Colleague: 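Can you keep this structure in mind? I'll have questions shortly.
Every chain is numbered from 1 and lettered A, B, ... according to where its sequence line falls, protein lines coming before strand lines. What you are looking at is a predicted structure, and each value in this text was computed from that prediction instead of being measured.
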Amino acid sequence: MDIAKTYNPGEAESKWYPYWIKQQFFKSTPDHRTPYTIVIPPPNVTGVLHMGHMLNNTIQDVLIRRARMLGFNACWVPGTDHASIATEAKVVKLLADKGIKKAELSRDEFLTHAWDWKEKYGGIILEQLKKLGASCDWDRTRFTMQDDMSDAVLDVFVDLFNKGQIYRGVRMVNWDPQGLTAVSDEEVIHKETNSKLVYVKYKIEHSNEFITVATTRPETIMGDTAVCVNPKDERYASLKGKNVLVPIVNRVVPVIFDSYVDASFGTGALKVTPAHDINDFNLGQKYKLPTIDALTPDGKISEAAGAYIGMDRFACRKQIIKDLQEQGLVEKIEEIKNKVGYSERTDAVIEPKLSMQWFLKMQDISQPALDAVLNGEVKLIPEKYINTYKHWMENVHDWCISRQLWWGQRIPAWYDNKGNTVVCKTKEEAFEKLKAQNADIKITDLNQDEDVLDTWFSSWLWPLTVFDPKVITNGWDNANADLKYYYPTNDLVTAPEILFFWVARMIIAGKEYTGLKPFNNVYLTGIVRDKQGRKMSKSLGNSPDPLDLIKLYGADGVRVGMLLSSPAGNDLLFDESYCEQGRNFANKVWNASRLILGFEVDSTGNITQPQSSKAAISWFENKLSEQLEMINDHYTKYRMSDALMSTYKLVWDDFCAWYLEMIKPEFIDGKAQAIDAATHAATIHFLEELIKIMHPWMPFITEEIWHLITERKEKDCIIVATWPQVKSERNTKQLTQFEICKELVTMIRNVRAQKQISPKEKLEVIERSQHAPSFFNSTVIKLGNLSAFNYSNNKVEGAFSFVIANTEFYIPLANNLNKDEEIQRLKKELDYNKGFLKSVQIKLSNEKFVANAKPEIIDVERKKESDALNKIKSIEEQLAVL
RNA sequence: GGGAGCUUAGCUCAGCUGGUUCAGAGCACCUGCCUUACAAGCAGGGGGUCAAUGGUUCGAACCCAUUAGUUCCCA
């Protein structure tokens with residue numbers, strides 16, 4: 001057979017992915033088998049594949065592929081998220097590039113553009129996932145704004161409203177002046193920023209005195225409606241009942257006293273701007289202060305401010321400092337570091353702003369979700385996130401679910417011309433309901449709420465609605481067959497950043513609508529960072545394009561690279577060298593296969609199986625079983641990189657470096673001999689078992705080799721092959737014996753290297769014992785290139801000597817032995833063993849140790865002692881001979 | 001400011017109930033090899049005061065306390 005010397009990933013990838021699809025191997029429908037289900041964390045429909053997706057989805061694919069091989073009905077549901085803010089921003093920008101302003105479009109016109117865009121460019125990311133080998137059931141692809149999915153979202157809104165869990169009210173929200181929408185607390189990122197703390201003097205009414213107030217936001221001065229100090233602060237005791245003048249606008253405002261103010265920060269006096277700070281807002285409520293909103297929605301100074309009208313908030317900040325300085329009202333300016341909130345989506349500085357929004361009460365509804373994690377019903381991996389989860393769930397705030405956008409599910413609330421409001425799904429329903437309150441209403445008098453719902457208000461239903469969007473109205477008892485079969489799903493693989501955004505809320509929704517958790521386990525991946533530990537991001541330009549990596553190293557190589565060093569919950573400091581390692585591994589496997597498939601097999605039956613091959617097969621059977629058990633164990637504990645590393649070492653070290661060398665036919669007269677049929681069959685079997693174990697990590701190369709091994713039937717593919725079984729009994733003694741064999745071979749190689757003896761020159765090994773020949777003697781002869789493996793009861797002179805596991809060995813070296821060197825070496829070894837013996841004996845002579853330690857431990861120490869004594873004895877004997 | 005975590009080899013990480021020669025793995029590094037599967041390889045090798053200090057214990061990388069550094073979450 002002619003097989004290329006290096007593996008060509010591209011070829012295998014473009015061959016097998018379409019083949020799998022054609023054979024419908026990814027497809028899942030409910031049947032008699034146990035399901036294994038994963039729903040994908042739906043990427044933004046605007047998204048392009050980045051390293052985070054790569055990591056995340058590779059893990060999911062590994063889990064799904066292994067489950068499939070284990071005989072589960074594996075179902076991985078893909079899809080995308082409509083991502084209100086991100087998508088709307090993208091479409092707005094695109095239109096702007098064409099000279100179209102959003103403001104000039106009607107809602108419907110805008111949505112037509114948005115849908116066009118979505119149809120044309122949306123979901124590229126799903127195509128990209130195919131490149132890495134993701135075995136999703138593409139027929140189940142879902143989008144969070146599909147009609148039935150959206151219906152479910154509205155059903156939930158109406159339902160929760162009717163249950164009294166949703167309310168509308170004026171609250172301080174996080175306002176994104178660029179996206180022109182409210183965002184939730186979780187969408188605000190606090191960054192340390194250099195700011196100026198300006199000390200501004202406020203004139204005290206009817207006096208020539210001033211009170212100084214420190215602020216980082218002087219542009220909100222026009223919105224001040226009080227100055228507040230701590231009642232215990234003696235510096236300001238005289239100001240009781242006094243008023244002060246707000247600079248610039250010269251408004252008279254009271255001085256109020258509240259212990260909220262920290263007397264040690266700034267001057268101990270706080271300007272109170274209820275419209276622009278949550279704490280000030282609370283003070284305003286408490287002291288019934290007026291609220292002056294000095295900013296417009298897009299972050300400019302408003303009419304209400306009475307000065308600088310129309311100026312940008314940051315420009316105004318500069319200008320007002322300058323003006324205040326000119327009026328002599330600035331006492332000083334300090335440079336400080338403070339945390340400023342930025343919008344996750346637009347990166348604009350968030351304004352706390354009062355506005356009318358819809359909220360979901362979180363207190364009661366979140367309780368079952370908290371319990372589910374605390375009582376272990378839903379497992380978080382790694383467990384350390386339980387604390388974080390608990391902390392958040394116990395301090396949860398009501399969730400602001402309205403967004404001032406068009407792209408999304410429009411809030412099903414209807415208003416009439418008389419200030420009545422009803423919540424229901426359709427305008428007709430609303431009309432009927434409103435008629436009761438407002439007899440002469442016409443349907444044209446009805447207005448629907450302008451806002452849409454937060455994206456997370458649809459994605460929190462994801463594990464439910466991808467299977468049965470009608471479950472909200474029909475209820476769990478009447479759920480469709482899919483949901484009944486696949487739900488709760490098994491594993492969710494996602495980033496810790498969205499533990500609250502998404503994971504917690506899915507548990508809430510799952511509990512609320514089915515009484516069941518949405519998944520058993522949540523595997524939290526780390527964040528992919530660059531070598532300097534910076535998060536990979538578009539703006540930093542430090543993220544490689546995963547598709548380029550795939551071209552360079554092959555999908556299998558990149559998959560292995562990503563997972564080699566990313567235990568659950570640990571950030572992955574990505575470096576391309578990992579991919580290189582992955583690629584090298586693929587190539588190693590490729591070449592091992594090339595060797596095996598290139599064997600000339602004895603068809604005459606004349607070649608008998610060598611003892612060394614029998615030994616090799618027996619050993620590897622045991623080794624394979626031992627390692628497989630360990631690998632399975634790693635999987636069960638979600639130790640993905642450990643499972644991969646064990647697989648890697650099983651293949652590279654045990655199989656390639658030892659087993660194949662042991663069974664490789666010899667060369668005689670420059671020609672490779674044929675291999676006996678029995679050894680060949682066993683080796684092919686091992687190769688098949690190994691590539692099955694490798695398949696979840698490296699789907700393409702393993703499928704390719706699977707088909708190179710032999711001609712196979714249409715559906716006989718490794719992707720649906722059965723995961724290997726662990727042998728019920730294992731010859732552990734043989735495994736230990738082989739370790740001695742390995743040591744012996746290594747020793748022989750060392751002697752060759754030290755004495756510069758060619759690997760081709762045959763040596764002899766003599767074991768000092770009367771033992772019957774060991775099972776692995778023929779192996780040692782083969783790997784060590786020995787002329788003979790002999791036994792002797794006596795010491796052998798003029799030989800290199802060493803001890804392995806209490807047995808002495810000799811390699812006769814005729815003229816090559818340097819006595820002084822030998823003495824040196826043996827003395828060094830003697831010293832080490834004497835030191836070791838001493839430490840063991842100290843332990844054993846310690847009465848407290850003997851009294852307290854477990855008997856097994858003491859036995860072990862006794863064994864160590866006697867072993868060391870033996871070893872010392874034999875080394876001393878050797879030294880005596882020299 | 002409040003909370004949680006982390007610190008083990010040059011790098012990335014294991015180390016599960018405190019007890020085998022327990023101080024490990026992979027990569028990187030060094031030395032020697034183009035040995036007819038593979039130089040994307042083979043054979044060998046060096047490398048760590050387990051952050052610091054104190055304590056508990058017969059015994060500590062592991063348990064406790066303090067300190068330092070660091071990351072994340074919340075305000």
Side-chain angles (χ1 to χ4, degrees), chain A residues 3 5-7 185-186 190 262 265 278-279 339 341 382-392 394-397 496-497 499-500 526-527 529 531 533 553-554 557 561 564-567 569-575 577-578 580-599 633-634 637 639 641-642 644-646 648-649 652-653 656-657 660-661 664 667 670-672 745-754 756 758-760 785 832-833 835-836 839-840 842-854 856-861 863-864 867-868:
Chain A
I3 304 173
K5 197 172 168 183
T6 43
Y7 169 59
D185 291 345
E186 291 74 31
H190 295 273
D262 178 358
F265 183 82
I278 180 67
N279 299 308
K339 293 273 180 101
E383 284 178 351
K384 65 177 178 186
Y385 285 106
I386 295 174
N387 279 335
T388 320
Y389 183 87
K390 178 168 180 268
H391 187 251
W392 189 79
E394 283 173 349
N395 296 287
V396 66
H397 300 289
E497 306 158 286
L499 188 57
F500 310 125
I527 296 167
R529 299 175 181 278
K531 261 202 130 171
Y553 300 102
L564 265 173
S565 187
S566 63
N570 272 27
D571 287 358
L572 169 65
L573 269 74
F574 181 79
D575 188 80
S577 65
Y578 287 123
E580 207 173 305
Q581 196 182 347
R583 177 202 59 181
N584 293 355
F585 184 43
N587 199 47
K588 183 72 188 178
V589 175
W590 183 255
N591 275 295
S593 309
R594 208 157 68 92
L595 170 70
I596 296 166
L597 299 176
F599 284 149
D633 185 53
H634 286 320
K637 291 174 179 150
R639 298 166 172 240
S641 35
D642 288 344
L644 175 56
M645 188 45 75
S646 299
Y648 180 92
K649 287 198 277 193
W652 200 310
D653 299 342
C656 294
L660 287 179
E661 293 303 326
K664 206 153 97 176
F667 273 78
K671 195 176 172 304
V745 171
T746 303
M747 209 45 141
I748 295 165
R749 284 172 181 162
N750 272 333
V751 170
R752 283 185 194 278
Q754 273 172 36
Q756 292 177 304
S758 152
K760 289 182 179 152
N785 193 24
Y832 173 81
N833 280 287
F836 176 66
S839 74
V840 173
I842 288 173
K843 211 182 238 187
L844 281 169
S845 61
N846 182 337
E847 280 170 34
K848 284 183 177 171
F849 170 72
V850 181
N852 291 319
K854 279 181 268 179
E856 309 91 83
I857 303 293
I858 298 172
D859 287 348
V860 167
E861 293 301 318
K863 175 98 175 27
K864 280 198 235 168
D867 285 358

Colleague: Do the side chain of A:K5 and the base of B:C38 come within less than 3.5 angstrom through a donor-acceptor pair of N or O atoms?
Modeller: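 No.
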
Colleague: Taking the nucleotide of RNA chain B with the nearest heavy atom to each, does A:F585 or A:S577 sit closer to the 5' end?
Modeller: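 That would be A:S577.
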
Colleague: When the nearest nucleotide of RNA chain B is assigned to A:R583 and to A:K637 on a heavy-atom basis, which residue is associated with the more 5' position?
Modeller: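 Final value for this comparison: A:K637.
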
Colleague: Regarding A:H397, tell me which of base, sugar-phosphate or nothing describes its non-hydrogen contacts under 4.0 Å with the strands shown.
Modeller: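 The answer is sugar-phosphate, as A:H397 gets under 4.0 Å only of primed atoms, P, OP1 or OP2.
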
Colleague: Please name the nucleotide paired to B:G1 by Watson-Crick or G-U wobble geometry with both distances under 3.5 Å, or report none.
Modeller: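 B:C74 - that is the nucleotide pairing with B:G1, both distances being under 3.5 Å.
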
Colleague: Check every strand shown and say whether A:N846 touches a base, only sugar-phosphate, or nothing at a heavy-atom separation below 4.0 Å.
Modeller: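 Sugar-phosphate contact only.
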
Colleague: What I want to find out is whether A:D633 reaches A:K637 closely enough, with some N-O distance under 4.0 Å, to be called a salt bridge.
Modeller: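 A:K637 and A:D633: salt-bridged.
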
Colleague: Taking only the C1' atom of each, what is the distance from B:G46 to B:U31 in whole angstrom?
Modeller: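 So the two C1' atoms sit 10 Å from each other.
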
Colleague: Measure up the A:Y648 and A:F585 rings against each other and bin them: parallel (under 30°), tilted (30 to 60°), perpendicular (over 60°).
Modeller: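 Geometry flag for A:F585 against A:Y648: tilted rings.
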
Colleague: Remember a base hit wins even if backbone is also touched, and classify A:K843 as base, sugar-phosphate or nothing at under 4.0 Å, heavy atoms.
Modeller: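 Answer is nothing: A:K843 stays at 4.0 Å or more from every strand.
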
Colleague: Counting only side-chain nitrogens and oxygens, does A:N387 get under 4.0 Å of the OP1 or OP2 atom of B:A4?
Modeller: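 False: A:N387 side-chain N/O out of range (4.0 Å or more) of B:A4 OP1/OP2.
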
Colleague: Using a 4.0 Å heavy-atom cut-off, does A:E497 contact any base of the nucleic acid, only the sugar-phosphate backbone, or nothing at all?
Modeller: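 Nothing, no nucleic acid heavy atom in range.
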
Colleague: With rounding to the nearest 0.5 Å, note down the distance linking CG in A:L595 to NZ in A:K664.
Modeller: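 So the CG of A:L595 and the NZ of A:K664 are separated by 6.0 Å.
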
Colleague: With a 4.0 Å cutoff (strictly under), does any side-chain N or O of A:Y648 reach OP1 or OP2 of B:C27?
Modeller: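 For B:C27, OP1/OP2 do have a side-chain N/O of A:Y648 under 4.0 Å.
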
Colleague: Looking only at atom C1', what distance separates B:A61 and B:A52, rounded to whole Å?
Modeller: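 Each nucleotide's C1' atom is 14 Å from the other's.
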
Colleague: In whole Å, what separates the P atom of B:U49 from that of B:C11?
Modeller: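 So the two P atoms sit 13 Å from each other.
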
Colleague: With a 4.5 Å cut-off on side-chain heavy atoms, are A:V396 and A:F500 touching?
Modeller: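 The answer is no, as the side chains (C-beta and beyond) never meet within the 4.5 Å cut-off.
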
Colleague: Mind checking if A:R752 touches a base, just sugar-phosphate, or nothing, with heavy atoms under 4.0 Å?
Modeller: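 Since no nucleic acid heavy atom lies under 4.0 Å of A:R752, the category is nothing.
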
Colleague: Phosphate oxygens OP1/OP2 of B:G44: is one of them under 4.0 Å from a side-chain N or O of A:T746?
Modeller: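 The answer is yes; a side-chain N or O of A:T746 sits under 4.0 Å from OP1 or OP2.
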
Colleague: Under a 3.5 Å limit for both distances, which nucleotide forms a Watson-Crick or G-U wobble pair with B:A9, could you say?
Modeller: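 Looking at the geometry, B:A9 pairs with no nucleotide.
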
Colleague: Hey, does A:A753 reach any base, or is it just sugar-phosphate, or nothing, if we go heavy atoms under 4.0 Å?
Modeller: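 Nothing, no heavy atom under 4.0 Å.
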
Colleague: Can you tell me, in whole Å, how much space there is between the P of B:C6 and that of B:C13?
Modeller: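 It works out to 13 Å between them.
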
Colleague: Over all strands shown, is A:N785 touching base, sugar-phosphate only, or nothing at heavy-atom distances under 4.0 angstrom?
Modeller: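 Nothing: the residue A:N785, judged by heavy atoms under 4.0 Å, touches no strand.
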
Colleague: Of the nucleotides B:C16, B:G3, B:G19, which one has an atom closest to the side chain of A:H391?
Modeller: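 Per side-chain heavy atoms of A:H391, the pick is B:G3.
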
Colleague: Are the side chains of A:V589 and A:Y7 in contact, using a 4.5 Å heavy-atom criterion?
Modeller: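 Not touching, per the 4.5 Å side-chain cut-off.
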
Colleague: Less than 4.0 angstrom between a side-chain N/O of A:R749 and OP1 or OP2 of B:U35, yes or no?
Modeller: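 So the side-chain polar atoms of A:R749 never come under 4.0 Å of the phosphate oxygens OP1 or OP2 of B:U35.
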
Colleague: Is the shortest side-chain N/O distance from A:N750 to OP1 or OP2 of B:G45 below 4.0 Å?
Modeller: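 For A:N750, the contact criterion (side-chain N or O under 4.0 Å from OP1 or OP2 of B:G45) is met.
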
Colleague: Does any donor-acceptor pair link the side chain of A:Q581 with the base of B:A28 at a separation under 3.5 Å?
Modeller: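 Under the 3.5 Å cut-off, the side chain and the base do not form any donor-acceptor pair.
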
Colleague: Taking B:U12 as the reference, what is the distance to B:G55 when you measure between their P atoms (whole Å, please)?
Modeller: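 Comparing P positions in B:G55 and B:U12 gives a spacing of 33 Å.
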
Colleague: When the P atoms of B:U8 and B:U70 are compared, how many Å lie between them, rounded to an integer?
Modeller: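 Their P atoms lie roughly 14 Å apart.
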
Colleague: Would you mind pulling out the nucleotide paired to B:G44, Watson-Crick or G-U wobble, both distances under 3.5 Å?
Modeller: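 WC or wobble partner is B:C30.
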
Colleague: Using atom P of each nucleotide, how far apart are B:A60 and B:G18 to the nearest Å?
Modeller: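 That atom pair is separated by 14 Å.
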
Colleague: Taking atom CH2 of A:W590 and atom CG of A:L597, what is their separation to the nearest 0.5 Å?
Modeller: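 Those atoms lie 9.0 Å apart.
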
Colleague: Taking the minimum atom-to-atom distance to the side chain of A:N591, which one of B:C38, B:A25, B:C42 wins?
Modeller: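 The answer is B:C38.
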
Colleague: Using the P atoms only, state how far B:C22 lies from B:C16, rounded to an integer number of Å.
Modeller: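 Approximately 15 Å lies between the P atom of B:C16 and that of B:C22.
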
Colleague: Can you establish whether the number of heavy atoms outside A:E383 located under 6.0 Å from its atom CD is more than 12?
Modeller: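 It does not: A:E383 CD has 12 such atoms or fewer within range.
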
